[in-house]
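Inspection log for the structure reproduced underneath, given as structure tokens.
All residue numbers in this chain count up from 1 along the given sequence.
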Amino acid sequence: MKKIIALVLTLVLALGCMAAMAEEKPYVALISKGFQHQFWQTVYAGATQAAEDLGVTITFDGPASESDIASQIDMLNAALAKNPAALCLAALDTESVVEQLLTAKEKGIPVIGFDSGVPEAPEGCIISTASTDNEAAGAVGAEKLFAVPEVNEKIAAATAEAPVTVVCFSQDATSASIIGRTTGFLEKFKALCEEVHAGGVAITGHDRYNTAAEGDVVVNICVVVPATTNNTDAQTSAQGLLNMENLIAVFCSNELTVGGLLSATTDGSDLDRENGKYKDLVVVGFDAGANQKAAVRNQWFYGSVTQDPYMIGYYAVELAVKAMNGETIDEVVDTGCQFYTYENIDDEAIAPLLYD
């Protein structure tokens with residue numbers, strides 16, 4: 001009898017182990033640039049949903065500070081030691097993770113970049129990247145700004161004798177994301193203005209983007225770039241652009257320039273549509289943050305473009321699953337963007353994307 005009981009127990013244990021193995025899900029490790037910031041929490045939410053939808057297990061780690069490169073490397077090494085089925089990475093510094101990327105490649109672990117991904121990674125180390133198409137996002141800003149009735153009417157009424165100015169306020173002319181947004185905005189806004197004033201649109205202000213008009217200038221799109229990327233220089237540049245003649249609208253390409261403009265307008269109150277010093281100036285921003293959201297709610301900004309951190313996380317995991325299954329995927333997958341105003345800022349589809 002004891003032998004029979006022992007045999008039965010052995011079979012039960014064996015079946016239990018087999019069932020556990022059958023239920024074991026593939027493991028995907030995500031290493032982000034941070035974790036505490038609401039942006040990354042929203043990325044994590046998207047990744048979690050994708051893991052549930054696609055039947056994988058994930059971990060999501062990131063350093064306390066986006067300047068803590070050493071901490072991120074430690075997290076990356078720990079993840080690789082677990083031999084994940086796939087790895088998703090938003091690198092703080094590409095050069096610092098080259099060794100780990102090459103190790104992943106040798107082990108046959110597909111790596112997916114997300115958010116800013118891993119720019120200039122060694123060839124063949126990154127299978128795909130889930131990120132915002134910044135040129136497309138900049139173009140959205142241009143379309144929304146051009147469609148504002150006050151802006152559209154002033155552009156239509158402009159002449160060579162009474163031209164109008166629109167500013168594209170950009171943090172720098174070196175980072176890929178900012179260049180992409182600036183280029184996307186300039187190309188789309190110029191094309192829209194050319195439909196009204198063919199040959200009468202110029203882009204000025206920065207050698208990288210300057211484009212002369214074919215004829216007399218009717219619409220001047222001026223690119224303004226602060227001397228440095230610190231808040232003081234952004235505010236100084238904003239104060240300067242506010243004094244431009246015939247200025248009708250401003251597009252701020254990121255949080256720094258948004259912050260500079262808000263600081264130069266008494267936290268935005270000078271943009272008040274009824275009593276503000278610059279009440280007739282129309283502003284479209286980019287990204288989120290508490291001050292920018294307040295400006296949109298108060299209608300001091302017409303609206304802002306936001307990236308979609310939820311879909312960045314979702315697509316990262318989805319691409320990881322496709323990569324580990326040997327599917328062919330695009331090198332870059334656009335995670336999209338949204339445009340928010342005071343009317344939709346609290347919508348279920350928008351609110352989770354607007355981090356503080």
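A single hydrophobic cluster is seen to contain both V284 and L192, as judged by linkage of ILVMFWY side chains at heavy-atom distances under 4.5 Å, directly or through other members. Hydrophobic clustering places V140 together with V148 (ILVMFWY residues linked when any side-chain heavy atoms are closer than 4.5 Å, directly or through intermediates).
In terms of heavy-atom proximity, A295 sits nearest to L262 at CB-CD2, 4.0 Å. When all heavy atoms of V217 and A202 are compared, the closest pair comes out as CG2-CB, 4.0 Å. Summarising the geometry of A104 relative to V111, their closest heavy-atom pair is CB-CG2, 3.8 Å, with the distance given to 0.1 Å.
Heavy-atom neighbours of E214 CD from other residues, nucleotides or ligands within 6.0 Å: at or below the threshold of 12. The 12-atom threshold is not exceeded at CD of E123, counting heavy atoms of other residues, nucleotides or ligands nearer than 6.0 Å.
Salt bridge K33/D68: absent, no basic N to carboxylate O contact under 4.0 Å. Between K190 and E194 there is a salt bridge, since at least one side-chain N of the basic residue sits less than 4.0 Å from a carboxylate O of the acidic one. Salt bridge status for K279 with E274: absent, with no side-chain N to carboxylate O gap under 4.0 Å. For R181 and D287, the salt-bridge test passes: some basic side-chain N is under 4.0 Å from an acidic carboxylate O.
With Y314 as the partner, the side-chain hydrogen bond (donor to acceptor under 3.5 Å, both in side chains) test is satisfied by one option alone out of T335, D308, D53: D53.
For F286, the ring pair (Phe, Tyr, Trp, His ring centres under 6.0 Å) test picks out no residue, with sequence neighbours left out. Not counting sequence neighbours, Y27 has no partner by the ring pair (Phe, Tyr, Trp, His ring centres under 6.0 Å) test. Looking at residues two or more places apart in sequence or on another chain, you find a side-chain hydrogen bond (donor to acceptor under 3.5 Å, both in side chains) between Q292 and S304.
A side-chain N or O of N220 and one of T204 form a donor-acceptor pair less than 3.5 Å apart. Remark: the N254 side chain and the T257 side chain contain an N/O donor-acceptor pair separated by less than 3.5 Å. Judged by distance alone, the side chains of S131 and T129 never bring a donor and an acceptor atom under 3.5 Å apart. Using modelled atom types and a 3.5 Å distance limit, the side chains of D93 and S96 yield a donor-acceptor pair. Looking at T132 and Q307, their side chains do bring a donor and an acceptor atom within 3.5 Å of each other. A donor-acceptor contact closer than 3.5 angstrom is absent between the side chains of S269 and D267.
Between W40 and F114, the ring planes lie perpendicular to each other; the angle is over 60°, past the 30° to 60° tilted range. Note: F185 and F189 have parallel aromatic rings, judged against thresholds of 30 and 60 degrees for the angle between ring planes.
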